[in-house]
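One structure is given below, encoded as structure tokens.
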Amino acid sequence: MSGKGFTTQCVHSDGNVNQPAHGAAHEPISASVLFNYESAQDLVDVFQGKKVGHVYSRSSSGSVSALQNILNEMEQGVGAVCFATGMAAISSTLLALFRQGDHLIVSRYLFGNTRSFFNTLIRIGIDITLVDITDASNVADALKPNTLGVFTETLANPVTQVADMKGLSSFCREHDLLFMVDSTMTPRTMFNANDFGVSLLFSSLTKYVGGHGNALGGVVVDCGNMNWAKFPHILPLYQGDDEKQWGLTQIKKLGLRDFGATLSPHAAHMFSVGLETLSMRMERNCKNAAKLAEFLDSHSAVKKVYYPGLSNHPQHGRAAEYFSDFGALLSFDLVEGVSEIEVLDKMKLALCATHLGDNRTLALPVASTIFFENSDEERAAMGITDSMIRVSVGIEDTDDLISDFKQSLDSFVK
Ligand SMILES: *Cc1c(COP(=O)(O)O)cnc(C)c1O
């Protein structure tokens, strides 16, 4: 199906991957944990990777493999591995690849739980330097002899900083560093990782790919841009004939198999259904976000709006160059004396909830929820203010959405 448009591929690839029985249009949800073989030698060959097949569904199954194939095809990568959650994709992959004594350069602007996971890596002896990734020269300044990789989000949650992807990419290529990118906020319909030389692309499928807030999952795609022979920690056991597969083989064995955060077959089905409408949902989410950002930017109870589609956003030009749209997440600060809790309590349509990428518009106070474990200094360094409200814009009718924010905010204008 390659060569066809994104949605054409998605709606026609699910049932085509493994040729399911009876011509089922969807890849079946295969519940079997075990796979039996008539010949013991076949089982041995599958165990040893000499034959394609499944042995135990913690490591692989038909439903999850079908989804992995679609996700990989989307990115034109060399392979994909799914996990039970986005956090599992990130943590299992990094723990499979890095060791005590390694150094990583990491974006200072990260999703709170990812940030917390990097603190765990520090505790087990991995050296982390947090930098402002909106300018690649900061990354160059942080380089050490033991640096092995750079980790960033394309578009950061919640303040919407846009990473200097071009600068980071050439820096990583020049120094043979693993370029690890979380593109949860900019799914494939908005952003093409291969244009930016990404090595490992992470995404929380829970968010836009699923879209309906009813399944947890994550994925890492190897985009094929890393020369794994230059990476020092691939175990000899995983250095097969195809060098391009070295990284993913180790991620599958040490990351997925040993840590065991496997995506369920049912969730895999939900995500392949979600993919079918991803492009249309993103279009609508982004359009609503742009309209809402404009409205908020003009409201007297709002001090500042963070949305890359606004011409006053510090990386507006870069966002327009990198992404086909400006995304569906925005944050805003309130003027002195207006309480974020009260503004949220007055909203009737938008749900007061964490999570993002849902069909429903979701809003929450950021500093006191996702980032409440961080110190005031840490929040300030991330650009997070006390009154900040984050909005994940959904697919509601635009006028209804704006009316809801308007009735709440208007009540605080003296
Ligand atoms: C939600 C999120 C994650 C974690 O994904 P889960 O599926 O919730 O574990 C990672 N990165 C970003 C940018 C996210 O928004």
Side-chain angles (χ1 to χ4, degrees), residues 64 67 71 80-95 106-121 130 133 150-163 165 180-188 190-191 193 198 200-221 255-256 259-264 266-268 270-271 274-275 278 282 285 289 306 308 319 323 327-331 353-358 360 362-364 366 369-371 373-374 382-384 388 390-394:
V64 175
L67 177 66
L71 293 168
V81 189
C82 284
F83 291 87
T85 64
M87 285 317 302
I90 294 171
S91 59
S92 303
T93 297
L94 269 63
L95 289 167
V106 174
S107 168
R108 199 209 280 168
Y109 313 122
L110 284 182
F111 171 62
N113 301 162
T114 308
R115 172 66 181 266
S116 169
F117 171 66
F118 278 107
N119 286 337
T120 298
L121 290 186
L130 295 173
I133 43 63
V150 172
F151 186 102
T152 187
E153 292 171 8
T154 47
L155 175 59
N157 162 13
V159 189
T160 73
Q161 297 94 342
V162 182
M165 293 294 292
M180 296 169 283
V181 175
D182 179 339
S183 74
T184 299
M185 298 269 289
T186 55
R188 180 64 187 89
M190 277 178 65
F191 171 73
V198 172
L200 294 177
L201 185 74
F202 296 91
S203 176
S204 166
L205 302 173
T206 316
K207 310 292 171 54
Y208 294 106
V209 172
H212 298 71
N214 53 6
L216 285 160
V219 66
V220 58
V221 180
L256 180 63
F259 289 114
T262 306
L263 184 69
S264 78
H266 189 261
M270 303 293 249
F271 294 132
L275 276 171
L278 175 63
M282 277 321 283
N285 286 330
Y306 306 83
F323 310 133
L329 186 130
L330 60 87
S331 295
T354 188
H355 183 46
L356 62 89
D358 200 85
R360 297 153 189 80
L362 315 173
L364 90 167
V366 182
T369 58
I370 303 173
F371 295 93
E373 287 185 6
N374 296 95
M382 293 184 250
I384 293 165
M388 184 175 281
R390 184 187 81 180
V391 186
S392 167
V393 182

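As the structure lists them, so they are numbered: ligands from 1, and atoms in each ligand from 1. The figures that follow rest on heavy atoms only: side chains count, while hydrogens, waters and symmetry mates do not. In this chain, numbering begins with 1 at the start of the sequence shown.
- Nearest protein neighbour of atom 5 (O) of ligand 1, counting heavy atoms only, is Ser204 OG, 3.0 Å.
- Using a 4.5 Å cut-off on side-chain heavy atoms (C-beta onward), Ile384 and Val159 make contact.
- In this structure, the protein non-hydrogen atom closest to atom 9 (O) of ligand 1 is Met87 N, 2.9 Å.
- Inter-residue side-chain proximity for Phe111 and Ser204 is flagged as unmet; no heavy-atom pair is nearer than 4.5 Å.
- Which parts of ligand 1 touch Asn157 is read off a 4.0 Å heavy-atom cut-off, strictly below it: atoms 15 (O).
- For the pair Leu130/Phe118, no side-chain contact is recorded, criterion being any heavy-atom separation below 4.5 Å from C-beta on.
- Taking the six-membered ring for Trp and the full ring otherwise, Phe259 and Phe83 have centroids separated by 6.0 Å or more.
- Summarising the geometry, atom CZ belonging to Phe151 is positioned 4.0 Å from atom CD1 belonging to Ile90; distances are rounded to the nearest 0.5 Å.
- When only non-hydrogen protein atoms are considered, atom 3 (C) of ligand 1 lies nearest to Phe111 CE2, 3.4 Å.
- Among all non-hydrogen protein atoms, the one lying nearest atom 15 (O) of ligand 1 is Lys207 NZ, 2.7 Å.
- Given atom 6 (P) of ligand 1, the protein heavy atom at minimum distance is Gly86 N, 3.4 Å.
- Listed for the Thr184 side chain is no donor-acceptor partner under 3.5 Å among the backbone atoms of Ser203.
- Counting the atoms of ligand 1 from 1 in the order shown, those under 4.0 Å from a heavy atom of Gly217 are 7 (O).
- Protein heavy atom in closest approach to atom 12 (C) of ligand 1: Asp182 OD2, 3.4 Å.
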